[in-house]
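What you are looking at is a predicted structure, and each value in this text was computed from that prediction instead of being measured.
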Amino acid sequence: MKKRRKNEEMVLGDLLKSFVGENKLDTKGLNQVQIREVWNNQMGPAIAKYTTGIKLKHDTLFVQLSSSVLREELSYGKEKIIRNLNEEMNQELVRKLVLR
């Protein structure tokens with residue numbers, strides 16, 4: 001990783017990622033928070049409104065939805081959802097999506 005001078009500007013998110021990477025800190029907790037943000041951003045406010053819980057356990061993302069109709073609709077596009085989430089996270093974090 002390229003060293004930066006103190007006077008160079010950095011986005012706070014990039015700075016935190018850099019800090020975590022350089023210090024080899026556990027990113028499980030950070031991934032839990034980030035996956036929630038990514039889910040809401042990728043799926044939009046309409047789906048976020050019906051999302052009651054999100055939990056990342058190992059490589060499986062568990063998403064709890066309050067609408068059975070929405071759950072059924074989303075189940076048809078699981079592979080695309082997984083691909084979009086991983087692209088946004090810049091890593092292969094989610095391999096399986098469980099909609100509840």
Closest heavy-atom pair and its distance - [X], [Y]:
X: V63; Y: W39; result: CG1-CZ2, 3.6 Å
X: L74; Y: I47; result: CD2-CD1, 3.9 Å
X: M89; Y: V38; result: SD-CG2, 3.5 Å

Heavy-atom check, side chain of M43 versus side chain of N84, under 4.5 Å: no
For the atom pair [atom1] ([X]) and [atom2] ([Y]), what is the distance rounded to the nearest 0.5 Å?
X: E92; Y: I82; atom1: CD; atom2: CD1; value: 9.5 Å
X: K49; Y: L70; atom1: NZ; atom2: CG; value: 10.5 Å
X: R100; Y: K55; atom1: CZ; atom2: NZ; value: 8.5 Å

Counting N and O atoms only, with roles assigned by atom type, does the side chain of [X] sit under 3.5 Å from a partner on the main chain of [Y], one being a donor and the other an acceptor?
X: D59; Y: L93; value: no
X: Q64; Y: I54; value: no
X: T60; Y: L56; value: no
X: N86; Y: V94; value: yes

Partners passing side chain to side chain contact (heavy atoms under 4.5 Å, CB included) against K78 (at least two apart in sequence or in another chain):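 For K78, the residues satisfying side chain to side chain contact (heavy atoms under 4.5 Å, CB included) (neighbours in sequence not counted) are S75, L97, L99.
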Side chain to side chain contact (heavy atoms under 4.5 Å, CB included) partners for E37, two or more places apart: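 Applying side chain to side chain contact (heavy atoms under 4.5 Å, CB included) to E37 gives V33.
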Among Q34, Q42, R83, the one residue meeting side chain to side chain donor-acceptor pair (under 3.5 Å) with E88: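 When Q34, Q42, R83 are each tested with E88, the side chain to side chain donor-acceptor pair (under 3.5 Å) holds only for Q42.
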